Number of protein chains: 2
Amino acid sequence: MSVRLRPIQALRLWQEVGLSMVRRHAVDLTQRQMVILLTIYLEPPPHTVRGLAAKLGVTKPVITRALDAMGELDLVSRRRDPADRRNVIIQRTVRGSLFLDEFSDRVVEAAGALAP
Amino acid sequence: MSVRLRPIQALRLWQEVGLSMVRRHAVDLTQRQMVILLTIYLEPPPHTVRGLAAKLGVTKPVITRALDAMGELDLVSRRRDPADRRNVIIQRTVRGSLFLDEFSDRVVEAAGALAP
DNA sequence: GAAAGATGATACGGATGTGAAACGATCGGG
DNA sequence: CCCGATCGTTTCACATCCGTATCATCTTTC
């Protein structure tokens, strides 16, 4: 079933989650990087640079650089497609899964604590 | 009453909202800027630089620069406190309210469209 | 096999954010 | 009245991100 949320609750949810992220001085991803990470983990593989660029409506260098940054943090990994060596397959990592698990827990918790 | 949300739904919600923001090439605020904006609009005034810095756990220059950026976009405005002229009172703007209204609508819509 | 096309990475110039430190303006207690 | 404390801003050096254009590599087509 869908989730019923009122506008004021939506804003409070965003504030609460953002606040906890900022305060923890944790991994600080760009909005684009976050969307890329979520797409990789939520949608069925395989994921390629051009596919992600098309989905987000941004240029390929944006994806490449985001993958560089997140690869440095071990949130995603890349490897060449053996079938077509022009392609790069973007893969999930244990650390990336853990990061999103913790993130979603934080969102769920904040949602549960919302005032009526 | 509180909002019941499952982890996978939380992730899909964040992806959907982030995706719509990225695609629209709309105003793209830093996570910190967004939290500051939300705090200004959700919590009771008055808001000061040091108050926001303390709440977010960041340094004052971060707040000053975020206000510079958002002031440029006319999302917030600043004015000196007449009572104590060292203080700066941060105020809401029509454009800021409109921006958050649209944003929350987008969140609510995405939440309503979530799969079970 | 050579040329054309596709894919991801890189170079460049510009814009913006950050932390640490220092600064000018203002208030307030002695 | 004055000197320390407070508040917001600015400066500096550094890092990151962006879009455009270009590049190297690989595949497909003829």
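These numbers come from a predicted model, not from an experiment. Order of the sequence lines sets the chain letters (A, B, ...), proteins ahead of strands, with each chain counted from 1.
Residue pairs meeting the side chain to side chain donor-acceptor pair (under 3.5 Å) criterion with at least one partner in residues 58-69 of chain B, sequence neighbours excluded, are B:Asp68-B:Arg78. Sorted by first and then second residue, the salt bridge (Lys or Arg N to Asp or Glu O under 4.0 Å) pairs with a member in residues 7-34 of chain A form an empty list; sequence neighbours excluded.
Proximity of a side-chain donor or acceptor of B:Thr30 to a complementary backbone N or O of B:Gln33 within less than 3.5 Å is not detected. In this structure a side-chain-to-backbone donor-acceptor pair under 3.5 Å is present from B:His47 to B:Ile40. B:Gln9 places a side-chain N or O within 3.5 Å of a backbone atom of B:Arg6 that can act as its donor or acceptor partner. Remark: the backbone N or O of B:Leu75 is not paired with any side-chain donor or acceptor of B:Arg95 at under 3.5 angstrom.
Annotation for A:Val35 and A:Leu56: closest pair CG1-CD2, 3.6 Å, computed over non-hydrogen atoms.
In 5' to 3' order, the nucleotides of DNA chain D bounding all contacts with chain B (an atom under 4.0 Å from a heavy atom) are D:dT6 to D:dT11.
The side-chain hydrogen bond (donor to acceptor under 3.5 Å, both in side chains) search around A:Arg86 returns A:Asp84, not counting sequence neighbours. The side-chain hydrogen bond (donor to acceptor under 3.5 Å, both in side chains) search around A:Gln15 returns B:Thr39, B:Glu43, not counting sequence neighbours. B:Thr48 is linked by a side-chain hydrogen bond (donor to acceptor under 3.5 Å, both in side chains) to B:Arg50, counting only residues two or more places apart in sequence or in another chain. Here B:Asp74 pairs with nothing under the side-chain hydrogen bond (donor to acceptor under 3.5 Å, both in side chains) rule; sequence neighbours left out.
Contact check of residues 42-57 of chain B against DNA chain C (heavy atom, cut-off under 4.0 Å) returns no residues at all. Residues of residues 70-85 of chain A that place a heavy atom closer than 4.0 Å to DNA chain C, in numerical order, are A:Arg78.
Looking only at side-chain heavy atoms (C-beta outward), B:Arg79 and B:Val88 stay at 4.5 Å or farther from each other. Between B:Leu29 and B:Phe99, the closest side-chain pair of non-hydrogen atoms falls below 4.5 Å. In this structure the side chain of A:Pro45 reaches within 4.5 angstrom of the side chain of A:Arg92, judged on heavy atoms.
Atom NZ of A:Lys60 is separated from atom P of C:dT10 by 13 Å (rounded to the nearest Å).
End-to-end axis angle for the helix from C:dG1-D:dC30 to C:dG30-D:dC1, using five pairs per end and rounding to 10°, comes out at 10°.
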Filtered N/O pairs between nucleotides 16-20 of chain C and protein, under 3.5 Å:
from: C:dG17; atom 1: OP1; to: B:Gln33; atom 2: NE2; distance (Å): 2.9
from: C:dT18; atom 1: OP1; to: B:Arg32; atom 2: NH1; distance (Å): 3.2
from: C:dG19; atom 1: OP1; to: B:Arg32; atom 2: NH2; distance (Å): 3.2
from: C:dG19; atom 1: OP2; to: B:Arg32; atom 2: NH1; distance (Å): 3.3
from: C:dG19; atom 1: N7; to: B:Arg65; atom 2: NH2; distance (Å): 3.2
from: C:dG19; atom 1: O6; to: B:Arg65; atom 2: NH1; distance (Å): 3.1

Would you give me the side-chain donor-acceptor pairs under 3.5 Å for residues 101-116 of chain A, sequence neighbours excluded?
from: A:Ser104; atom 1: OG; to: A:Leu100; atom 2: O; distance (Å): 3.1
from: A:Ser104; atom 1: OG; to: A:Asp101; atom 2: O; distance (Å): 2.9

